[in-house]
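Working notes, structure below.
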Amino acid sequence: MPSPTDWWRSAVIYQIYPRSFADSNGDGMGDLPGITARLAGLRDLGVDAVWLSPFYPSPQHDAGYDVADYRSVDPRFGDLGDADKMIAEAKALGLRVIVDLVPNHTSDEHAWFRAALQAAPGSPERERYVFRDGRGDDGGEPPNGWRSVFGGPAWQRVADGQWYLHLFDVSQPDLNWGNPEVRAEFEDILRFWLDRGVDGFRVDVAHGLIKEATLSDYEYAGEILGGMAPEGAPPPPMWDQDGVHEVYREWRAVLDAYEGDRILVAEAWVQPADRLARYVRPDEMHQAFNFEYLDTPWIAERLRKVIDSTTAANAAVGAPTTWVLSNHDVVRHATRLGYPVGERRRPGIGAGDPQPDAPLGLRRARAASLQMLGLPGSAYLYQGEELGLPEHTTMPDDYRQDPAWERSGHAERGRDGCRVPIPWEADAPSYGFGPTDASWLPQPSSWAEYALDRQRDVPGSTYELYRSALRLRREHRLGDGSLEWVETAPDVLAFRNGGVLVVTNFGESPAGLPAGAEVLLTSEPLTDDGRVPQDVTVWARG
Ligand code: GLC
């Protein structure tokens, strides 16, 4: 039985992307003091915890997911004292804090990698990474044909002729998790942040740490984005190897030695659901993002299937499901849902691409969020979604910073569009992101209408919809609840979670509610005769 201290089983966790949340010093880059000053607002919104994307020293070739020092703070974001203040303020407000841990790779500016480049082939310094001799007569061919997730080959040659593996950018060399020194170092890094009072870690690329021992070639390598093999292809040798679970069992023991209820969250692009559920077995991690739900098209039957299969796979190992619709790696759901139903998720959108139907996207996004927050389990929100914020879909390409843009030879616009600094005040410079006009990515001129101060206390605004949903979710204990489907028309998805009925209508004909149902919340107004219009979710009692 879950103990009452298992806060994470039902928690709503808000992702802060530090670069783009709040800038206290006006340099155009968000920072830790900016976050600390705005935590009370998140408490007011009603979330239980925050997860911060990396704020560690980094050359920022992959927006901080290229870490040069795991035990410090990048001066762009502040210093360790600012991190301590942020953690203390969160605690005072009753918010938990989760930080990002990037164990698959370091930055090429990490002291270990610099040492590896100075050292000889076969040296202990090189053994911390994945260095190999090349193929071909002069070793001029990469050791195998693996491709980087961001495009191009996954190997880079160094001055003495050896090659190193980088599943992501060339500035992100993969660590060798077969090396006990690497394991010991990361256990120490965990303790460093646990000692500072964090409540857990979101583990970046959790499915990638261990590679198949012989680094066997893989003909589908170029087709894999983040670990999903194409249908019918054999399992990829770089993702979801059984050895990763040993690492997480060790980490779990580290966390369990601390008081409080500290957690590990897997970012693992792994399917099917029962493979993903292996990451949340009782002696491993606590949660894994349900990306299959995020990727499911806006079709009642498909959503029902994925809600069932992922809930069942998690239940089989005693874990809750962890719902998510947006994050810093995917097109925001208010935009994604504005494209024709069933289209493949786009890896970024630019001015030359087909543009979404923005009002439709927002309408569906509000319905999707209300559906998600009605489900039992934990839910992750991405900063700005509570404002109904869309992707920046017309950003001039000159501004793009995601390494995927260059590495894909401009085939993929990349993730900058979901990372734009968020609007707080409609009439302030940088919409209140900071005290000046500076913003590391340009904000669209149409964003005043999304600003928090235009939505707070405005009935029907997306912000108030989220705030009401989070309050009711807590009051009715929906996160700890259980799901029971209610059979209705095929275009309608309806379930009961305890005393609350959640109905989403995907079809053109308005859907009726049971006689006497008391409406608690709706993502859009009902029809005059009290029925649920298309692309609307309702919470009701009775
Ligand atoms: C994860 C992060 C992503 C990053 C990648 C490499 O997928 O979420 O932003 O680029 O790992 O660290």
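A donor-acceptor contact closer than 3.5 angstrom links the side chains of Tyr279 and Asp240. Side-chain contact, Thr322 with His286: no donor N or O sits under 3.5 Å from an acceptor N or O. At a cut-off of 3.5 Å, with distance as the only test, no side-chain donor of His61 or Gln172 sits close to an acceptor on the other residue.
Between the Gln241 side chain and the Pro236 main chain, a donor and an acceptor come within less than 3.5 Å of each other. Remark: side-chain polar atoms of Arg471 are not paired, donor with acceptor, to backbone N or O of Gly46 under 3.5 angstrom. Proximity of a side-chain donor or acceptor of Glu391 to a complementary backbone N or O of Cys418 within less than 3.5 Å is detected. Under the 3.5 Å distance criterion, the side-chain polar atoms of Thr296 are left unmatched by any main-chain donor or acceptor of Leu303. Counting only distance, with no hydrogens or angles, the side chain of Trp193 and the backbone of Val99 share no donor-acceptor pair below 3.5 Å. With hydrogens and angles disregarded, a donor-acceptor distance shorter than 3.5 Å links the side chain of Glu267 to the backbone of Val205. In this structure, the side chain of Ser148 engages the main chain of Phe168 through a donor-acceptor pair within 3.5 Å. No donor-acceptor pair under 3.5 Å is formed between the side chain of His476 and the backbone N or O of Leu478. The main-chain N or O of Val331 is found under 3.5 Å from a side-chain atom of Arg336 such that the two form a donor-acceptor pair. Within the 3.5 Å criterion, the main-chain N or O of Leu194 finds a donor-acceptor partner in the side chain of Arg262.
Residues Asp188 and Arg71 are paired through a salt bridge, judged by an N-O separation under 4.0 Å between the basic side chain and the carboxylate. Note on Asp199 versus Lys91: salt bridge recorded, some NZ/NE/NH1/NH2 to OD/OE distance being below 4.0 Å. Taking a cutoff of 4.0 Å between a charged side-chain nitrogen and a carboxylate oxygen, Arg474 and Asp48 qualify as a salt bridge. A salt bridge does not link Glu385 to Arg332: none of the charged nitrogens lies less than 4.0 Å from a carboxylate oxygen. Ion pairing between a basic and an acidic side chain is recognised when a charged N comes within 4.0 Å of a carboxylate O; Lys85 and Asp79 show no such pairing. A salt bridge between Asp261 and Arg96 is absent, with no side-chain N of the basic residue lying under 4.0 Å from a carboxylate O of the acidic one. Using a cut-off of 4.0 Å between Lys/Arg side-chain N and Asp/Glu carboxylate O, Arg252 and Asp283 are scored as not salt-bridged. Ion pair Arg407/Asp402 not flagged as a salt bridge, since none of the NZ, NE, NH1 or NH2 atoms sits closer than 4.0 Å to an Asp/Glu carboxylate oxygen.
Classification of the Phe291-Phe289 ring pair by plane angle, with boundaries at 30° and 60°, yields parallel. The aromatic rings of Phe186 and Tyr70 lie perpendicular to each other, with more than 60° between the two planes, well past the 30° mark.
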Next item on the list: List the steps, then state whether side-chain contact (heavy atoms from CB on, under 4.5 Å) holds for Asp62 with Ser171.
Entry: CA-CA 8 Å; Asp62 185 23; Ser171 64; 5.8 Å; no
**Request:** Determine, step by step, whether Tyr218 and Trp239 satisfy the ring pair (Phe, Tyr, Trp, His ring centres under 6.0 Å) criterion, reporting the C-alpha distance in whole Å, the side-chain angles of both residues, the deciding distance to 0.1 Å, and the verdict.
**Result:** CA-CA 12 Å; Tyr218 190 62; Trp239 307 122; over 10 Å; no
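The residue from Gln156, Arg157, Arg126 that alone fulfils the side-chain hydrogen bond (donor to acceptor under 3.5 Å, both in side chains) condition with Gln162 is Arg126. The ring-ring contact (aromatic ring centres under 6.0 Å, His included) with Tyr129 is formed by just one residue from the set Tyr164, Trp163, Phe113; it is Phe113.
The shortest heavy-atom contact between Val244 and Leu209 is CG1-N, 4.0 Å. Looking at every heavy atom in both residues, Val130 comes nearest to Leu175 through CG2-O, 3.8 Å. Between Tyr65 and Pro54, the closest heavy-atom pair is CZ-CD, 3.2 Å. The two residues Pro237 and Ser216 come nearest to each other via the heavy atoms CG-O, 3.6 Å. Considering all non-hydrogen atoms of both residues, Pro180 and Gly178 come closest at CD-O, 3.5 Å. The two residues Phe150 and Asp169 come nearest to each other via the heavy atoms CD1-N, 3.5 Å.
With a 4.5 Å cut-off on side-chain heavy atoms, Gln401 and Arg419 do not count as touching. Counting only heavy atoms from C-beta outward, the side chains of Tyr380 and Val265 approach each other to under 4.5 Å. For the pair Asp174/Lys211, a side-chain contact is recorded, criterion being any heavy-atom separation below 4.5 Å from C-beta on. Taking 4.5 Å as the limit, some side-chain heavy atom of Met86 sits within range of a side-chain heavy atom of Leu52. Counting heavy atoms from C-beta outward, Gln383 and Leu389 have side chains that stay 4.5 Å or more apart. The shortest distance between side-chain heavy atoms of Pro320 and Asn314 does not fall below 4.5 Å. Two residues are said to be in side-chain contact when any heavy atoms from C-beta on lie closer than 4.5 Å; Pro57 and Ser72 meet this criterion. Counting heavy atoms from C-beta outward, Phe201 and Leu255 have side chains that approach closer than 4.5 Å.
Not counting sequence neighbours, the partners of Arg477 by the salt bridge (Lys or Arg N to Asp or Glu O under 4.0 Å) test are Asp480. For Glu250, the salt bridge (Lys or Arg N to Asp or Glu O under 4.0 Å) partners at least two apart in sequence or on another chain are Arg183.
Aromatic rings from Tyr382 and Trp51 are positioned such that their centres are separated by 6.0 Å or more.
Judged by the 6.0 Å distance and 45° axis criteria, Arg132 is not positioned over the aromatic ring of Trp155.
Atom CZ of Arg302 has 12 or fewer heavy atoms from other residues, nucleotides or ligands within 6.0 Å. Residue Glu475 qualifies as enclosed at atom CD: its count of foreign heavy atoms under 6.0 Å is above 12.
Annotation: the span from Glu412 atom CD to Arg400 atom CZ amounts to 11.5 Å, rounded to 0.5 Å. The structure places CD of Gln287 at 6.5 Å from CD1 of Ile98, a figure rounded to the nearest 0.5 Å. We find the CD-CZ distance between Glu109 and Arg114 to be 5.0 Å, quoted to the nearest 0.5 Å. Rounding to the nearest 0.5 Å places CH2 of Trp146 at 6.0 Å from CG of Leu165. Between the NE2 atom in His105 and the CG atom in Asp66 there is a gap of 7.5 Å [rounded to 0.5 Å]. Here Arg415 contributes atom CZ and Tyr17 contributes atom OH; the two are 7.5 Å apart, rounded to the nearest 0.5 Å.
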